[in-house]
Trainee: 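I have a structure I would like to understand better, so I am pasting it below and will then ask my questions one at a time.
Note that the structure is a prediction, hence the values are computed from the model and not measured. In this chain, numbering begins with 1 at the start of the sequence shown.
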Amino acid sequence: MSPLEILTFPDEFLKKPARPVEQIDGELQRLIDQMADTMYQAPGVGLAAVQVYKNKQLLVYDIQSRDEGRELHVLINPEIIAREGRIISENEGCLSVPDLRADVQRAARILVAGVDREGKPLRIEAEGFLAVVLQHEIDHLNGTLFIDHISALKRQLYTRRINKQLKQQES
Ligand code: NI
């Protein structure tokens, strides 16, 4: 299976809030498998459907993706129903935001509700790195990137750098 193309900033599609998944069928299962392959190949610890040009509230994650103990998790129609505390996520990055890492303020603990790939209800209590990954991926489904949480100045500098690169590629 060939990996899917990952959209990158400033693609406007990344700003679109995703629509809820209404039907879990064979097509969705294929998309999940392709997203998992794409995430592992990248490699990354999480991938949201909007990053591969699918307007669906769907994400995959595996915080062990670089290790041998891989365990794929699928989350459909996720919602953060409680947040507590604050942590700084150091050097956060994103497959859709190349060549940038930044510290981001996140909730330290969250409770997430959603369904798994079989449609079974899920509740995930997460803290630390897992909480950060889930907040980052759920942000994607709401059209938010981690650079929306950093200072306006840093974001401007990054935008300028990317626009310059794009211009150089054109000419
Ligand atoms: Ni991301």
Trainee: Looking only at the side chains, is there a donor atom on one of D139 and H149 sitting less than 3.5 Å from an acceptor on the other?
Mentor: yes

Trainee: Treating R155 as the side-chain partner and I147 as the backbone partner, does any N or O pair qualify as donor plus acceptor under 3.5 Å?
Mentor: yes

Trainee: What's the shortest heavy-atom distance between M35 and A48, and which atoms?
Mentor: CE-C, 3.8 Å

Trainee: Can a donor-acceptor pair be found, under 3.5 Å and without considering hydrogens, that links the side chain of T38 to the backbone of L4?
Mentor: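 Yes.
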
Trainee: Do E92 and R106 meet the salt-bridge criterion of a basic N to acidic O distance under 4.0 Å?
Mentor: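 Salt bridge: yes.
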
Trainee: Does the pair D11/K16 count as a salt bridge with the N-to-O cut at 4.0 Å?
Mentor: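 Here D11 does not pair with K16 in a salt bridge, since their nearest N and O are not under 4.0 Å apart.
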
Trainee: So, do P98 and Y158 sit near enough that their side-chain heavy atoms are less than 4.5 Å apart?
Mentor: yes

Trainee: Could you report the tightest heavy-atom contact between I162 and P10, atom names first, then the distance?
Mentor: CG2-CD, 4.0 Å

Trainee: Distance only, no hydrogens: is a donor on one side chain within 3.5 Å (strictly under) of an acceptor on the other, for R117 and Q29?
Mentor: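 Looking only at side-chain atoms, Q29 and R117 do form a donor-acceptor pair, the distance falling under 3.5 Å.
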
Trainee: Consider only side-chain heavy atoms of I, L, V, M, F, W and Y, link residues closer than 4.5 Å, and tell whether I124 and I80 are in one cluster.
Mentor: yes

Trainee: Any chance you could lay out the side chain to side chain contact (heavy atoms under 4.5 Å, CB included) test for I150 and D103, step after step, and finish with the verdict?
Mentor: CA-CA 8 Å; I150 66 179; D103 294 353; over 6 Å; no

Trainee: Calculate, to the nearest 0.5 Å, the distance between atoms CD1 and CG belonging to I6 and L47 respectively.
Mentor: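 CG of L47 is found 5.5 Å from CD1 of I6.
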
Trainee: Could you grab the distance from atom CZ of F146 to atom OG of S89, nearest 0.5 Å is fine?
Mentor: 8.5 Å

Trainee: Given the rule in the side chain to side chain contact (heavy atoms under 4.5 Å, CB included) test, do K56 and L28 qualify, once you have shown the distances and angles that lead to the verdict?
Mentor: CA-CA 10 Å; K56 290 178 190 303; L28 193 81; 3.8 Å; yes

Trainee: Quick check: does any side chain N or O of Q135 sit under 3.5 Å from a backbone N or O of A107, one acting as donor and the other as acceptor?
Mentor: yes

Trainee: Quick check: is L100 connected to L157 through a chain of hydrophobic side chains (ILVMFWY, heavy atoms under 4.5 Å apart)?
Mentor: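 Looking at the clustering, L100 is in a separate group from L157.
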
Trainee: With a 4.5 Å cut-off on side-chain heavy-atom distances among I, L, V, M, F, W and Y, is there a chain of contacts connecting V21 to V115?
Mentor: yes

Trainee: For a 4.5 angstrom cut-off between non-hydrogen side-chain atoms, does D37 reach P3?
Mentor: no

Trainee: Would you mind reporting whether E79 and V112 have side-chain heavy atoms less than 4.5 Å apart?
Mentor: no

Trainee: State, to 0.1 Å, how close A113 and I81 come at their nearest heavy-atom pair, and which atoms those are.
Mentor: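 Looking at all heavy atoms of both residues, the closest pair is CB-CD1, 4.1 Å.
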
Trainee: So which heavy atom on A108 is nearest to which on A131, and how close?
Mentor: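 Looking at all heavy atoms of both residues, the closest pair is O-CB, 3.8 Å.
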
Trainee: With the 4.5 Å side-chain cut-off for hydrophobic clustering, are V133 and I32 part of the same group?
Mentor: no

Trainee: If you look at every heavy atom in Q57 and P78, which pair is closest and at what distance?
Mentor: O-CD, 4.0 Å

Trainee: Evaluate Q51 against L14 for side chain to side chain contact (heavy atoms under 4.5 Å, CB included), listing each step before the verdict.
Mentor: CA-CA 7 Å; Q51 292 178 273; L14 293 167; 4.2 Å; yes

Trainee: Can you tell me how far CD of Q34 sits from CZ of R30, rounded to the nearest 0.5 angstrom?
Mentor: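 Output value for this atom pair is 8.5 Å.
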
Trainee: For R160, does its backbone N or O pair with a side-chain atom of N163 as donor and acceptor, under 3.5 Å?
Mentor: no

Trainee: Whether E12 and K15 form a salt bridge (side-chain N of Lys/Arg under 4.0 Å from carboxylate O of Asp/Glu) is what I want to check.
Mentor: yes

Trainee: Assess whether atom OH of Y53 is packed by more than 12 heavy atoms of other residues, nucleotides or ligands within 6.0 Å.
Mentor: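 No, not enclosed.
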
Trainee: Do any N or O atoms from the side chain of N77 and from the backbone of G114 form a donor-acceptor pair under 3.5 angstrom?
Mentor: no

Trainee: Would you give the length of the straight line joining atom CG of L58 to atom CD1 of I76, rounded to the nearest 0.5 angstrom?
Mentor: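 Reported value, rounded in 0.5 Å steps: 5.5 Å.
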
Trainee: Could you go through R123 and L111, starting from their C-alpha distance and side-chain angles, then the distance that decides it, and tell me whether this counts as side chain to side chain contact (heavy atoms under 4.5 Å, CB included)?
Mentor: CA-CA 7 Å; R123 257 169 195 258; L111 177 62; 3.7 Å; yes

Trainee: Are any non-hydrogen side-chain atoms of V52 and L7 less than 4.5 angstrom apart?
Mentor: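 Counting from C-beta outward, V52 and L7 never come under 4.5 Å.
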
Trainee: What distance do R161 atom CZ and Q156 atom CD have between them, rounded to the nearest 0.5 Å?
Mentor: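 Between atom CZ of R161 and atom CD of Q156 there are 14.0 Å.
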
Trainee: May I ask you to decide if L134's main-chain N or O and E137's side chain share a donor-acceptor pair within less than 3.5 Å?
Mentor: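 No, because the side chain of E137 does not come within donor-acceptor range (under 3.5 Å) of the backbone of L134.
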
Trainee: Just by distance, do the side chain of N142 and the backbone of T144 share a donor-acceptor pair under 3.5 Å?
Mentor: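 No, N142 side chain to T144 backbone: no donor-acceptor pair under 3.5 Å.
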
Trainee: Do other residues, nucleotides or ligands put more than 12 heavy atoms under 6.0 Å from E125 CD?
Mentor: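 Not buried by this count: 12 neighbours or fewer within 6.0 Å.
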
Trainee: Which heavy-atom pair separates A49 from L141 by the least distance, and what is that distance?
Mentor: N-CD2, 4.4 Å

Trainee: Would you give the length of the straight line joining atom CD of E22 to atom CD1 of I24, rounded to the nearest 0.5 angstrom?
Mentor: 11.0 Å

Trainee: Is there a path of hydrophobic side-chain contacts, each under 4.5 Å between heavy atoms of I, L, V, M, F, W or Y residues, that connects V74 with L122?
Mentor: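 Each belongs to a different hydrophobic cluster.
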
Trainee: Counting distance only, does the side-chain N/O of D62 pair as donor-acceptor with the main-chain N or O of V45 below 3.5 Å?
Mentor: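 No.
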
Trainee: Any chance CZ of R70 has more than 12 other-residue heavy atoms, nucleotides or ligands included, within less than 6.0 Å?
Mentor: yes

